[in-house]
Enquirer: 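After the structure tokens below, expect a handful of questions from me.
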Amino acid sequence: MSPIEFYDTRTRSRRVFEPLEPGRVGMYSCGPTVYAPPHIGNLRSRLFSDLLKRFLLAEGLAVTHVINITDVGHLVSDADEGEDKIEAAARREGKTAEEIAEHFTQVWRDDGAAVHCLPPEHNPKATEHIPEQIELAQRLEAGGYLYRIADGLYFDTSRFPRYAELAHLDLEGQAEGARIGVVEGKRNPADFAVWKFAEPGVRRLQEWDSPWGRGFPGWHLECSAMSVRYLGERFDIHTGGIDLAPVHHTNEVAQSECGYGVHPWVNFWMHNEFLDMGSEKMSKSKGNVKTLSDLVARGIDPLAFRFFFLQAHYRQQQSFTDEAIQSAATGFRRLQGIVAELAGCDDAGDPDRQAPFRERFRDALADDLNAPRAMAVVWDVARSDTLPAADRRDLLLGFEPVLGLGLDEAKARVAAATARAEEAWEQDPRIDGLLAERQAARAAKDWATADRIRDELAADGIEIVDSPSGPRWRRKGA
RNA sequence: GGCGGCGUAGCCAAGUGGUAAGGCACGGGCCUGCAAAGCCCUGAUCCCCGGUUCGAAUCCGGGCGCCGCCUCCA
């Protein structure tokens, strides 16, 4: 058993993971801003934190996982100006901000459930923790970290020497060519809003009273305030997409370390890389696949996306192409078939014989969550011609709590898929007539006629599949 | 301008000093009248150049190419 090692963004190194409190792990993952459905890139981040959690649970640790729901405070344009995205969506849909947030929060939960992400222990909403956020802002104000300008209360990053630490920022060089929107009165380019004042004459759907006047919290504030409430002033792991490190997480660190006087606030910062969409940039207008529903509409099982995710390491950009997701779907289907077959075995396995495989699987994940290597073990077991079926069954089902691929229900899932395929067979007088003709030819062993009919139908894009209960047909690509 | 990542078989993707995991596709085989499904078998010396080393995909230097972030984008 090798020790658990994770890569930590702050120290830019792989370190042995030890919970701050033996046996217990506190995890915080940056969640969705609920103004639109999550896309598959968001889903990768979610799957990453879920895999991490499942692995820690399998290690016997008690995990408290917090994922926030950002239902206020995101602005449409750059800098700290522009319209709130949720408010914009609400206006567009003719609904309230709460309705928009509620709807997309549900979509986020449904999508997560569809890919078997375990529900977090806490799923706090920013709007339900305004007092906590104000309390933190007051601490920061008391510490002299904030200053007030026309549109809000800002954090003075020059008061926090470690500001650039997490993302290893070069603030000098960065300011030179960055497209940083200029906010009148900011002391440093990196300074950010902790509390924004409601604009005079503009009535927002979401605003609250505060010691500094009516307004709303800055985006970064919620994560600092809610994590301390549910995980304490220091905790073990904070996850998120790699893009969050330079701004969002950097600002969270500034607020939390200055507000609570702790360091390091978070023991391990773990960031997942992006999905590489290649030339087909994700965009609704181009009609490119980007949400889980889009995949489902194309006949991709949500869990095939989870299988796809497990095939690449979380810190590598993963190329998402049509061919890649299709091949994942095929691989997943076959793996399910193998497990479904093994489920019928009633023999007892031999734990000693299984041990080496369990260890390889576990050690791959202990090695900075190397899922691809763990999957290689899965296939070694699935297709082993030396391991008895009982051991293969025990091993694969033993991996399931970490994989989350639904292998424990493989038999039922395969049966359901078969039933769905049955329903997909179509009927049509003309084609069914030709099929009957072909059957007659087959019965007479007139293969030439039989094949001619099939070829003719194939030319029309119709595929015939023979089965014990007779021939069926469907349109290709359906 | 700054920060970061990548370039391994047709595609996806592990592998950070000792003679290249795994998945998908292709090809071959079994099965099937044929086909589909399923099962089995089969493939690479690691972008280029130079260096370090007994030995490098793995370390160093220099190229070329690609991607992300620096905008409240995961």
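Convention: sequence-line order gives letters A, B, ...; per-chain numbering from 1.
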Enquirer: Please report, rounded to the nearest Å, how far the C1' atom of B:rA14 is from the CG atom of A:L365.
Expert: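 A:L365 atom CG is separated from B:rA14 atom C1' by 13 Å.
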Enquirer: Is there a Watson-Crick or G-U wobble partner for B:rA21 with both distances under 3.5 Å, and if so, which one is it?
Expert: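 Base partner found: none.
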Enquirer: Under a 4.0 Å N-O cut-off, is there an ion pair linking A:D363 with A:R373?
Expert: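 No.
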Enquirer: Thinking salt bridges, do A:D466 and A:R442 make one under a 4.0 Å N-O criterion?
Expert: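 A salt bridge links A:D466 with A:R442.
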Enquirer: Identify the nucleotide, in any strand shown, that forms a Watson-Crick or G-U wobble pair with B:rC34, with both distances under 3.5 Å; if there is none, say none.
Expert: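 Across all strands, not a single nucleotide pairs with B:rC34.
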Enquirer: Between A:D71 and A:K125, is the closest basic N to carboxylate O distance under 4.0 Å?
Expert: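 No, this pair does not count.
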Enquirer: Taking atom P in both B:rC41 and B:rU8, compute the distance separating them and give it to the nearest angstrom.
Expert: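 After rounding to an integer number of Å, I get 27 Å for this pair.
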Enquirer: Taking the same atom, C1', in B:rG7 and in B:rC47, what whole-Å distance lies between them?
Expert: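 Rounded to whole Å, the distance is 6 Å.
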Enquirer: Between the base of B:rA74 and the side chain of A:H271, is one N or O donor paired with an acceptor at under 3.5 angstrom?
Expert: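 No such pair is found, so the answer is no.
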Enquirer: Given the P atoms of B:rG5 and B:rG15, what is the spacing between them in whole Å?
Expert: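 Nearest-Å result for B:rG5 against B:rG15 at atom P: 15 Å.
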Enquirer: Applying a 4.0 Å non-hydrogen cut-off, can you work out what A:A167 is touching in the nucleic acid: base, sugar-phosphate, or nothing?
Expert: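 Touches sugar-phosphate only.
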Enquirer: For A:F309 and B:rA13, give me the distance from atom CZ to atom P, rounded to whole Å.
Expert: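 It is 13 Å, rounded to the nearest whole Å.
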Enquirer: Taking ring pair (Phe, Tyr, Trp, His ring centres under 6.0 Å) as the definition, give me every residue that meets it alongside A:F268, ordered by chain and number, with sequence neighbours left out.
Expert: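 By the ring pair (Phe, Tyr, Trp, His ring centres under 6.0 Å) rule, A:F268 matches A:F17.
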Enquirer: Pairing check on B:rC39: which nucleotide meets the Watson-Crick or G-U wobble criteria with it, both distances under 3.5 Å?
Expert: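 Across all strands, the one nucleotide that pairs with B:rC39 is B:rG29.
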Enquirer: Rounded to the Å, how far apart are A:I242 CD1 and B:rC67 C1'?
Expert: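 Computing the A:I242:CD1 to B:rC67:C1' distance gives 13 Å.
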Enquirer: When the P atoms of B:rG50 and B:rA56 are compared, how many Å lie between them, rounded to an integer?
Expert: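 The answer is 14 Å between these two P atoms.
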Enquirer: Quantified in whole Å, what is the P atom distance between nucleotide B:rG10 and nucleotide B:rC6?
Expert: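 Here B:rG10 and B:rC6 have their P atoms 22 Å from each other.
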Enquirer: Do NZ/NE/NH1/NH2 and the carboxylate oxygens of A:R10 and A:E165 come within less than 4.0 Å?
Expert: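 The answer is yes: the pair qualifies as a salt bridge.
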Enquirer: What is the distance, rounded to the nearest whole Å, between atom CD1 of A:I325 and atom P of B:rA13?
Expert: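 The distance from CD1 of A:I325 to P of B:rA13 comes to 12 Å, rounded to the nearest Å.
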Enquirer: Whole angstrom is fine here: how far is it from NE2 in A:H249 over to P in B:rA74?
Expert: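 The distance from NE2 of A:H249 to P of B:rA74 comes to 11 Å, rounded to the nearest Å.
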Enquirer: Nearest to the side chain of A:Q317, which nucleotide is it out of B:rC67, B:rC12, B:rC6?
Expert: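 My answer, after comparing the listed nucleotides, is B:rC67.
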Enquirer: Across all strands shown, which nucleotide pairs with B:rU53 by Watson-Crick or G-U wobble geometry, both distances under 3.5 Å?
Expert: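 Pairing partner: none.
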Enquirer: From the options B:rA74, B:rC39, B:rC11, select the nucleotide whose nearest atom is closest to the side chain of A:I338.
Expert: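 Of the options given, the side chain of A:I338 lies nearest B:rC39.
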Enquirer: I need the CG-P distance between A:D276 and B:rG65, as an integer number of Å.
Expert: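 Computing the A:D276:CG to B:rG65:P distance gives 18 Å.
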Enquirer: Provide the distance between the two P atoms, one in B:rC46 and one in B:rA21, to the nearest whole Å.
Expert: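 Going atom to atom, P in each nucleotide, I get 15 Å.
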Enquirer: Report the residue (A:Q316 or A:F308) whose heavy-atom-nearest nucleotide on RNA chain B is the more 5′ of the two.
Expert: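 On the 5' side of the pair lies A:Q316.
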Enquirer: I'd like to know if A:D301 and A:R333 make a salt bridge, using a cut-off of under 4.0 Å between side-chain N and carboxylate O.
Expert: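 No, no charged N to carboxylate O under 4.0 Å.
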Enquirer: I'd like the C1' distance from B:rG27 over to B:rC60, given in whole Å.
Expert: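 Between the two C1' atoms, the distance is 42 Å.
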Enquirer: Roughly how many Å apart are B:rC54 and B:rC59, using the C1' atom of each and rounding to a whole number?
Expert: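 Comparing C1' positions in B:rC59 and B:rC54 gives a spacing of 16 Å.
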Enquirer: Starting from P on B:rC72, measure out to CG on A:D191 and report it in whole angstrom.
Expert: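 Spelled out: CG on A:D191 to P on B:rC72 is 14 Å.
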Enquirer: Let me know, please, whether A:H220 or A:D385 comes out on the 5' side of the other along RNA chain B by nearest nucleotide.
Expert: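 Result of the comparison: A:D385.
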Enquirer: Is a salt bridge present between A:R298 and A:D294, judged by a nitrogen-to-oxygen distance below 4.0 Å?
Expert: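 No, A:R298 and A:D294 are not salt-bridged.
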Enquirer: Which residues pass the side-chain hydrogen bond (donor to acceptor under 3.5 Å, both in side chains) test with A:R334, not counting sequence neighbours?
Expert: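 With sequence neighbours excluded, A:R334 shows a side-chain hydrogen bond (donor to acceptor under 3.5 Å, both in side chains) to no residue whatsoever.
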Enquirer: Please check the phosphate of B:rG4 (OP1 and OP2 only) for any side-chain N or O of A:R315 closer than 4.0 Å.
Expert: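 A:R315 to B:rG4 OP1/OP2: no side-chain N or O under 4.0 Å.
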Enquirer: Under a 3.5 Å limit for both distances, which nucleotide forms a Watson-Crick or G-U wobble pair with B:rG1, could you say?
Expert: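 For B:rG1, the partner nucleotide comes out as B:rC70, under the 3.5 Å rule.
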Enquirer: For each nucleotide in nucleotides 20-38 of chain B, reading 5' to 3', give B when a protein heavy atom comes within less than 4.0 Å of its base, S when such contact involves only the sugar-phosphate, and - otherwise.
Expert: -BSBSS-------BBB-SS
Enquirer: Send over the distance from A:Y314 OH to B:rG5 P, rounded to a whole Å.
Expert: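 Interatomic distance, OH of A:Y314 to P of B:rG5: 13 Å.
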Enquirer: Hey, is A:R214 close enough to A:E207 for a salt bridge, meaning N to O under 4.0 Å?
Expert: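 Salt bridge present between A:R214 and A:E207.
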